[in-house]
Amino acid sequence: MAPSPTGFLHVGTARAALYNWLYARHNGGTFIVRIDDTDLERSTTEFEEEILGSFRWLGLEWDEGVEVGGPHGSYRQSDRIDHYAELARGLVESGHAYYDDRSAEQLEELRQRAQSEGKHPGHYIRRPEVGAGSGVIRLSIPSNDPVEFDDLVRGHLSFAPGDIDDFVILRSNGTPTYHLASTVDDVEYEITHVARGEDLLPSTPKHILLTRALGGAEPIYAHLPLLFGTDGKKLSKRHGATALTEYRQQGFLPSAMFNYLAILGWSPDGETTIFSREEAVEKFDLVNVSKNPAAFDPEKLAWMNGEYIRAMDTSAFASLVRPHVEAELGRALESDEWQAFTYIAPLVQERTRLLPEAGSQVRFLFEDFEAFDEQSWEKVMTKEGVADVLGEGRSAIAHLDTWDTPSVEAALRAIPEKLGIGAGKTFQPLRVAVTGSSVSPPLFESISALGQERTLERIDRALSELG
RNA sequence: GGUCCCGUCGUCCAGAGGCCUAGGACGCCGGCCUUUCAAGCCGGAAACGCCGGUUCGAAUCCGGUCGGGACUGCCA
């Protein structure tokens, strides 16, 4: 995998990395991560660290590459600038490449001409009659046979030499282009498989030709379909987050993200949607990757995240969610509060899709709400007989000696019958009184966790609000 | 404009000539459960872009057409 540190890790790149990792693991191969930072202007070490951190968060440990080392040197292209330049000059000497000092205007004219004649610029960007001794270095495209290769996901592909231009491999300032650096690295690092985005498909014949000129072995290519928004448009901010980090911050689990990214363009069979990392490794093959561009659907990701949350061990869930609860409160949890929280954690776990949601669900336990939720009040507290219900509820539990869920429940359950009303008419007002909202975790457990004193206070508060 | 890629429910995936009156998942609609919200369970609507051809038979093969996309840089 060869990310360019010019921005945060895009979900599309993350998926490409994931597929590379799966393929390597499935075949017992080596997963390599190198940094393609030939664009010195835009590359930063901050982005590099962010990207590597995201890989690790997803669980994509690499066997060789930056930070972990390996037999091939630095794994960072900016460290190898001189080496690439040397190889480029060598290609000039061997006749595979040439210096070109034509101006941007001259080149533009050639392109214009090509386009007006309905031809590829490749037909015109060719070695000039008179060689230059400076400028950029271009690879000379042999004009005989078409370049053919078998792409693991696309199948057999063929490009006519006339449609490939003599592309720049070394800039006039002596730095390599992406094409040169990545091809040299693929050769020297003995890369056997290159799985990357479909946007690089048109560059592949160039890379193959360069590989041959360098005398290297051609890797096997696999071009992955691109990712889109659910509206079929290029994935952008408009569709939500495009950076993996944002999902991490929003409370998505790495396991869910892993599963979702994997399912976006591949599946182990026609039925399974949720599967473990191990199952994916066992069944993954690039050959089975879909050719169609996939739409990134945050809604399905959220559902999947909920599935993973529910599958978690409850104590693990509680620990994981604790920081989110504390963030919601803006303070740390006291130990008795933590205890109250772990008590209702299993109930919260069932109704959480995103970690931060858990915080708002239990907020009422640790903090007196500023006001009753307006809609909830309107819906349940303005009905006839609410005050009576609250009064009954209050006295039913006011003198309970044992304060736990079964006792609270037993006491409160007697009310509907006594008053001759439905359960809903009894418990909804109590819910609003105690939690401030008509939507909350289960009532008896909530009351039990809240404690006797505070429960009574809140009922009184609602009662006084009713007048 | 040119080169290349892609085309099954709104979305993701399955389907590699008859097992397809096209299957699974998200979402959506309805129901059950139920003190709310979830979860769970049951049911439903929803697709092979179009036209030809090959074949006894096509979602699957071929051609064309239409549509979408990528690339066309001294960015990657």
Side-chain angles (χ1 to χ4, degrees), chain A residues 2-4 6 36-39 41-43 100 104 107-108 111 114-123 135-138 151 154 157-160 162-165 167-173 175-179 181-182 196-205 223 225-226 228-234 260 263-274 288 290-297 299-304 306-307 310 347-353 357 361 376 379-380 412-413 416 422-432 435 437-444:
Chain A
S4 290
T6 55
D36 278 13
D37 57 351
T38 51
D39 184 347
E41 323 279 282
R42 297 194 299 143
S43 299
D100 180 7
L107 261 12
E108 183 52 29
R111 292 197 180 93
Q115 182 163 138
S116 69
E117 290 177 16
K119 289 179 176 172
H120 190 96
H123 288 269
V136 301
I137 293 180
R138 288 180 186 278
D151 188 287
R154 313 269 148 191
L157 264 20
S158 177
F159 292 82
D163 294 326
I164 307 168
D165 59 349
F167 60 102
V168 174
I169 58 175
L170 198 74
R171 302 187 185 106
S172 53
N173 67 2
T175 62
T177 60
Y178 160 77
H179 299 303
S182 67
R196 50 166 39 166
E198 194 191 341
D199 51 334
L200 286 165
L201 192 50
S203 293
T204 301
H223 286 90
L226 266 17
F228 291 94
T230 42
D231 57 359
K233 296 280 194 296
K234 195 175 185 313
Y260 182 67
I263 209 80
L264 213 56
W266 175 80
S267 74
D269 54 57
E271 312 291 298
T272 315
T273 303
I274 305 273
N288 297 326
S290 165
K291 297 193 233 305
N292 310 342
F296 188 91
D297 183 2
E299 192 57 44
K300 189 164 182 173
L301 206 210
W303 162 77
M304 191 169 273
E307 291 289 307
R310 268 171 258 124
L347 303 172
V348 175
Q349 184 174 5
E350 277 182 64
R351 50 212 92 207
T352 300
R353 294 208 305 176
E357 291 172 0
Q361 285 183 56
S376 300
K379 198 167 67 186
V380 340
L412 259 21
R413 284 252 186 235
K425 294 223 181 307
T426 306
F427 301 127
Q428 276 306 86
L430 282 166
R431 183 189 307 282
V432 174
T435 72
S437 167
S438 60
V439 176
S440 81
L443 186 60
F444 306 129

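Throughout, a chain's letter reflects where its sequence line sits, starting with A, and its residues are numbered from 1.
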Exercise for the section: For A/Ser438, check side chain to side chain donor-acceptor pair (under 3.5 Å) against everything at least two apart and list the hits. Expected result: A/Ser376
Exercise for the section: Using a 4.0 Å heavy-atom cut-off across all strands, classify A/Ser376 as base, sugar-phosphate, or nothing. Expected result: nothing
Handout entry: Partner set under salt bridge (Lys or Arg N to Asp or Glu O under 4.0 Å) for A/Glu307, not counting sequence neighbours
Key = A/Arg310
Short N/O separations, protein against nucleotides 72-74 of chain B, under 3.5 angstrom:
unit_1, atom_1, unit_2, atom_2, d
B/G73, OP2, A/Arg111, NE, 2.4
B/C74, O2, A/Ser172, N, 3.1
B/C74, O2, A/Ser172, OG, 3.2
B/C74, N3, A/Ser172, OG, 2.8

Practice task
Examine distances only and state if a side-chain atom of A/Thr352 and a backbone atom of A/Glu357 form a donor-acceptor pair shorter than 3.5 Å.
Solution key: no
Handout entry: Partners meeting side chain to side chain donor-acceptor pair (under 3.5 Å) with A/Asp269 (sequence neighbours left out)
Key = A/Thr272
Exercise for the section: Using ring pair (Phe, Tyr, Trp, His ring centres under 6.0 Å) as the criterion, list what pairs up with A/Phe427, not counting sequence neighbours. Expected result: A/Phe444
Exercise for the section: List for me each residue that meets side chain to side chain contact (heavy atoms under 4.5 Å, CB included) alongside A/Lys300, sequence neighbours excluded, and say none if there are none. Expected result: A/Tyr260, A/Thr273, A/Asp297, A/Trp303
Show me the protein contacts with nucleotides 36-40 of chain B, counting only N or O atoms at under 3.5 Å.
unit_1, atom_1, unit_2, atom_2, d
B/U36, O4', A/Gln428, OE1, 2.9
B/U36, O4', A/Gln428, NE2, 3.3
B/U36, O2', A/Ser438, O, 2.8
B/U36, N1, A/Arg431, NH2, 3.4
B/U36, O2, A/Ser440, N, 2.9
B/U36, O2, A/Ser440, O, 3.0
B/U36, N3, A/Arg431, NH1, 3.2
B/U36, N3, A/Ser440, O, 2.9
B/C37, O2, A/Arg351, NH1, 3.0
B/C37, N3, A/Arg351, NH1, 2.3
B/A38, O2', A/Glu350, O, 3.4

Practice task
Mind checking salt bridge (Lys or Arg N to Asp or Glu O under 4.0 Å) for A/Arg351 and listing every partner two or more places apart, or none if nothing turns up?
Solution key: none
Table of protein N/O atoms under 3.5 Å from nucleotides 6-11 of chain B N/O atoms:
unit_1, atom_1, unit_2, atom_2, d
B/C6, O3', A/Asn292, OD1, 2.9
B/C6, O2', A/Asn292, OD1, 3.4
B/G7, OP1, A/Asn292, OD1, 3.1
B/U8, OP2, A/Asn292, ND2, 3.2

Fill in the blank from the handout: Those residues at least two apart in sequence (or on a different chain) that pass side chain to side chain contact (heavy atoms under 4.5 Å, CB included) with A/Ser267 are A/Ile263
Write out a two-atom table: protein N or O, nucleotide N or O from nucleotides 14-19 of chain B, distance below 3.5 Å.
none

Completion exercise
Residues passing the side chain to side chain donor-acceptor pair (under 3.5 Å) test with A/Ser440, sequence neighbours excluded, are A/Arg431
